Amino acid sequence: MNITATAISLNVADIGASAAFAAELGFAEAMSADGFVSVEHPTAGVNVIFLRTGLSSFKPAEIAGPAGQGMLLAFVVDDVDAEFARIAGTGARVVTPPETEPWGERYCQFADPNGLVWQLVQWVSPPE
């Protein structure tokens with residue numbers, strides 16, 4: 001199998017709100033139509049697609065509810081603290097301010113207007 005691209009699709013009530021939040025992280029619209037918008041980042045290597053909850057074209061229909069419970073959209077960045085300050089400065093809803101796990105994962109989390117949790121990660125030396 002040769003995978004040529006990667007995308008994740010998420011059902012949300014307001015596709016425009018999640019796309020606007022993604023733009024704060026440097027994503028830009030790649031394509032859109034009634035009920036969906038696909039955003040891409042020049043360095044992330046993944047497209048994030050927001051589908052309006054309830055689209056009749058969503059298959060399988062039995063899982064067509066809202067996305068997000070128990071899921072994190074995680075992206076590794078060069079400087080978590082700088083990105084936290086920048087994004088928090090836009091008024092984004094902070095879920096977790098920067099903290100460092102014992103294994104060296106420094107991260108912060110934001111929730112977009114649909115409640116999707118976006119996590120930014122930086123790998124650092126574990127705290128002593």
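The structure displayed is predicted, hence computed values, not measured ones.
Heavy-atom minimum distance, Ala111 versus Phe21: O-CE1, 4.2 Å. Across all non-hydrogen atoms, the minimal contact from Val80 to Arg106 is CG2-O, 3.5 Å. A pairwise comparison of heavy atoms in Gly35 and Leu55 identifies O-CD1, 3.3 Å as the closest pair. The heavy-atom pair separating Asn47 from Ser38 by the smallest distance is ND2-OG, 3.1 Å. Among all heavy-atom pairs drawn from Glu40 and Ala30, the shortest one is CD-CB, 3.7 Å. Across all their heavy atoms, Gln122 and Asp78 have their closest contact at NE2-O, 2.9 Å.
Taking the six-membered ring where tryptophan is involved, the planes of His41 and Phe27 are perpendicular, since the angle between them exceeds 60° and thus also 30°. By the 30° and 60° cut-offs, the orientation of the rings of Trp118 relative to Phe75 is parallel.
Taken to the nearest 0.5 Å, the OG1 atom of Thr96 stands 9.0 Å off from the CG atom of Leu72. The line from CZ of Phe50 to CG of Asn114 is 8.0 Å long, rounded to the nearest 0.5 Å. Between the CG atom in Asp112 and the CD atom in Glu24 there is a gap of 11.5 Å [rounded to 0.5 Å]. Atom CH2 of Trp123 and atom CD of Glu105 lie 4.0 Å apart (nearest 0.5 Å).
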Inset, instruction - Tell me, with the steps shown, if Tyr107 and Glu99 meet side chain to side chain contact (heavy atoms under 4.5 Å, CB included). - result: CA-CA 6 Å; Tyr107 73 98; Glu99 60 181 59; 2.9 Å; yes
Inset, instruction - Given side chain to side chain contact (heavy atoms under 4.5 Å, CB included), test Arg52 with Asp34 step by step and report yes or no. - result: CA-CA 9 Å; Arg52 186 177 60 243; Asp34 183 38; 3.5 Å; yes
Legend entry - Steps toward side chain to side chain contact (heavy atoms under 4.5 Å, CB included) verdict (Phe58, Phe36): CA-CA 11 Å; Phe58 186 91; Phe36 91 95; over 6 Å; no
Legend entry - Derivation and outcome, side chain to side chain contact (heavy atoms under 4.5 Å, CB included), residues Thr100 and Val124: CA-CA 8 Å; Thr100 304; Val124 298; 3.9 Å; yes
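The number of heavy atoms from other shown groups lying within 6.0 Å of CE (Met31) does not exceed 12.
Listed for the Asn11 side chain is a donor-acceptor partner under 3.5 Å among the backbone atoms of Ala64. At least one donor-acceptor pair closer than 3.5 Å links the side chain of Thr90 to the backbone N or O of Ile87.
Judged as a salt bridge (charged side-chain N to carboxylate O under 4.0 Å, His left out), and not counting sequence neighbours, the contacts of Glu83 are Arg86. Contacts of Asp14 classified as side-chain hydrogen bond (donor to acceptor under 3.5 Å, both in side chains), with partners at least two apart in sequence or in another chain: none.
In this structure the side chain of Ser18 reaches within 4.5 angstrom of the side chain of Leu116, judged on heavy atoms. Side-chain atoms of Pro97 and Cys108, non-hydrogen and from C-beta on, never get closer than 4.5 Å to each other. Counting heavy atoms from C-beta on, the side chains of Ile8 and Leu10 come closer than 4.5 Å.
No hydrogens or angles considered: nothing links the side chains of Glu101 and Trp103 as a donor-acceptor pair under 3.5 Å.
Each of Leu73 and Leu51 belongs to its own hydrophobic cluster when Ile, Leu, Val, Met, Phe, Trp and Tyr are linked at side-chain heavy-atom distances under 4.5 angstrom. Under the 4.5 Å side-chain heavy-atom criterion for Ile, Leu, Val, Met, Phe, Trp and Tyr, Leu25 and Val46 are members of the same hydrophobic cluster. Under the 4.5 Å side-chain contact rule for hydrophobic residues, Val77 and Val94 share a cluster.
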